[in-house]
Amino acid sequence: MIPTIEHVQRWAEPFVDDLLDEEPAILLEGPRGSGKSTMLRSIAKRRGALVLDLDDDSVLQLVREDVGTALESPGLVAIDEFHRAPEVLSYVKRVVDREGGAGRFLLAGSVSSFLLPPGTETLTGRAHRLSLMPLAAAETFGAKQRWLAELLAAGEPRNFRTELGRTEVFDVVAAGGYPAALRRATPTQRTRWFASYLATVTDRDLPDLIDIRHSGALSRLYRLIAQRTSSTAVNTELARSLDVSQPTVATYRRLLERLYLTTELPGWTVGVSAKTGHRAKVHVTDTGLAAGVLSLSAQRLSTAAIGGAFLESFVLAELMRQATAIDEALTFAHFRDRSGIEVDVIIELPDGTAIAIEVKSARTVNHRDASALTFLSERLGDRFQCGILFHTGPLTARLGERVWAVPVAALWDGIKSEHRSAGEGRP
């Protein structure tokens, strides 16, 4: 079911290539192992760029000794793991301010620049920031259709049908999108990789930048959040479980987000209801990593109660990954009314219109399951572009005015058979 990948060209690559013809500097940020280095080298080779890998200690030492000479080049300079030498950012700022021009610097880093020491240059207003997360399932499977882009263009979903069963859907959820994990042929091999990855990022990489006082607390906090993904996790409960203070939990939650291991999805309140809740929902950014460190197989996820929460986090991650290849500023949030009405994901467009998304792990849904979407449709009026109820069943169906039920497999064009039904068209 899950392809063993070798190389996948990222959707973001041509987008970044085009940006280099317009912007002086581009800053690629995302988790370690998401494919940033591969993409950086691909673009650099095509453009004949100077490449400096700061993960190489010999290169790092020379850059720290004389950053100006090391980075001097008439063309593009590509710098991998830039966060290991913060002085690089100050040099980039000086060159951009003094000379301008397009295509001068392409930087990639596995730690947000906002985690660097106080006073470090952040290139605000001088570099175009782009997050490169692990592979979208649609990239892994080589989908010809980009579901979110297609929805934005058409205003409604196409009539997608699938033969995938519930367990096969959760195979995709449990695999995640890290290229190195997807190169492993079996779930057991991927689980071993995930355990090693989490330890490397939280217990070895980060302490090089920040003083972590509670050894192992970050990886334990990640596991607790994975168990509670797609919920409004409360710091008091997490602090009690970790035996640390609430301020420490708050700090470590921010660190996990800056490491791109979790996503804090804010509450959405604009013009809807005075009773809406503002508390963020916390999601794991890769369900494969979360399932791996919790030893949750696809079979267990497909039958356990936690499966619904994982599916919701998977859908959010897939949509956000697809959004990085869209040249439009999309805002992601969730909606929660204190009277009990909830919508898992709100995608707000620059013009103020919104797409509302609910996720159900059931194979059979009906209009009652879409009641929250109908509520928002009635409250938002013309601002409501459409509502989507993702499910694990086989068919697309209209559940109401501007509200559809859509198989979650539509996100990666997962149909199982070699071709679609001849009758497939728009609803």
Side-chain angles (χ1 to χ4, degrees), residues 1-6 8 10-11 31 33-35 133-148 157 160-191 193-194 226 229-230 263 283-304 306-323 344-345 357 359-363 388-396 405-418 420:
M1 173 61 190
I2 305 300
T4 304
I5 66 166
E6 291 301 326
V8 176
R10 303 302 299 268
W11 289 345
S34 64
M133 303 306 290
L135 290 165
E139 291 178 295
T140 300
F141 286 89
K144 294 181 174 61
Q145 308 287 346
R146 302 184 185 184
W147 187 86
L148 182 57
F160 178 85
R161 303 170 186 177
T162 182
E163 297 176 20
L164 295 183
R166 179 183 170 88
T167 301
E168 292 168 306
V169 167
F170 277 96
D171 281 338
V172 180
V173 175
Y178 282 97
L182 291 170
R183 293 189 189 104
R184 271 66 181 174
T186 68
T188 299
Q189 291 171 339
R190 290 197 292 269
T191 295
W193 185 89
F194 286 133
T229 191
S230 75
T263 299
H283 291 267
V284 293
T285 53
D286 190 85
T287 52
L289 176 60
V293 300
L294 295 179
S295 297
L296 292 171
S297 66
Q299 178 64 37
R300 286 188 63 191
L301 281 175
S302 70
T303 56
I306 198 174
F310 265 69
L311 189 65
E312 182 182 333
S313 291
F314 169 82
V315 168
L316 173 65
E318 186 73 13
L319 293 170
M320 295 183 81
R321 292 171 193 183
Q322 293 196 20
D344 296 329
V345 182
I357 293 171
V359 183
K360 303 290 184 184
S361 63
R363 286 185 59 79
I388 304 294
L389 175 60
F390 281 117
H391 59 91
T392 58
L395 302 176
T396 298
V406 176
V408 72
L411 288 169
W412 67 90
D413 251 4
I415 58 175
K416 188 174 183 178
S417 59
E418 290 299 317
R420 291 199 183 98

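Residue numbers count from 1 along this sequence.
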Would you confirm whether Glu168, through its side chain, and Gly165, through its main-chain N or O, come within 3.5 Å as a donor-acceptor pair? yes
Show your working on side-chain contact (heavy atoms from CB on, under 4.5 Å) between Glu163 and Ile415 and close with a plain yes or no. CA-CA 6 Å; Glu163 297 176 20; Ile415 58 175; over 6 Å; no
If you look at every heavy atom in Pro31 and Pro134, which pair is closest and at what distance? CG-CD, 3.7 Å
Test item: Leu294 and Phe310 side chains (from C-beta on) under 4.5 Å apart, heavy atoms: yes
Could you walk me through whether Val315 and Val408 satisfy the side-chain contact (heavy atoms from CB on, under 4.5 Å) test, starting with their C-alpha distance in whole Å, then the side-chain angles of each, then the deciding distance to 0.1 Å, before giving a yes or no? CA-CA 8 Å; Val315 168; Val408 72; 3.6 Å; yes
Does Ser295 use its side chain to pair, donor to acceptor, with the backbone of Ala291 at less than 3.5 Å? no
Contact summary for Arg363 and Pro394, nearest pair of heavy atoms: NH2-CD, 3.9 Å
Do the side chains of Phe160 and Leu395 get nearer than 4.5 Å, heavy atoms only? no
Inter-residue atom distance Trp412.CH2 - Thr162.OG1, 0.5 Å rounding: 7.5 Å
Side chains of Pro407 and Arg161 in contact at under 4.5 Å (non-hydrogen atoms): no
Looking at Trp193 versus Tyr178, is the centre-to-centre ring distance below 6.0 Å? yes
To the nearest 0.5 Å, atom CG of Leu311 lies from atom CD1 of Ile306 at 12.5 Å
CZ-CZ distance between Arg184 and Phe194, expressed to the nearest 0.5 angstrom: 10.0 Å
Residues Ala290 and Ala226: closest non-hydrogen pair is CB-CB, 3.9 Å
Can Ser313 and Ser230 be said to form a side chain to side chain donor-acceptor pair (under 3.5 Å), step by step? CA-CA 6 Å; Ser313 291; Ser230 75; 4.6 Å; no
May I ask you to say whether Asp286 pairs ionically with Arg321, meaning some side-chain N is under 4.0 Å from a carboxylate O? yes
Got Asp344 and Phe390 here, is their nearest side-chain heavy-atom distance under 4.5 Å? no
Against Ile357, only a single residue in Val406, Leu389, Leu319 fulfils side chain to side chain contact (heavy atoms under 4.5 Å, CB included); can you say which? Leu319
Taking atom OG1 of Thr392 and atom CZ of Arg166, what is their separation to the nearest 0.5 Å? 5.0 Å
Please name the pair of heavy atoms, one in Lys144 and one in Asp413, separated by the smallest distance, quoted to 0.1 Å. N-OD2, 3.9 Å
I'd like to know if the side chain of Thr229 and the backbone of Val284 have a donor-acceptor N/O pair within less than 3.5 Å. yes
Restricting to non-hydrogen atoms, name the atom on Trp11 and the atom on Glu139 that form the minimum distance, rounded to 0.1 Å. N-OE2, 2.9 Å
If you round to the nearest 0.5 Å, how far is NE2 of His283 from CG of Leu316? 5.0 Å
Met133 side chain reached by Thr285 side chain, heavy atoms, under 4.5 Å: yes
So CZ of Phe170 and CZ of Arg300: to nearest 0.5 Å the spacing works out to 13.0 Å
Main-chain N/O of Trp147 paired to Gln322 side chain as donor or acceptor, under 3.5 Å: yes
Heavy atoms only: give me the nearest Ala137-Glu318 pair and the separation to one decimal. N-OE1, 2.8 Å
Go through it in stages, so that I can follow the logic: the residues are Leu182 and Thr140, the test is side-chain contact (heavy atoms from CB on, under 4.5 Å), and I'd like the CA-CA distance, side-chain angles, deciding distance and then a yes or no. CA-CA 9 Å; Leu182 291 170; Thr140 300; 3.6 Å; yes
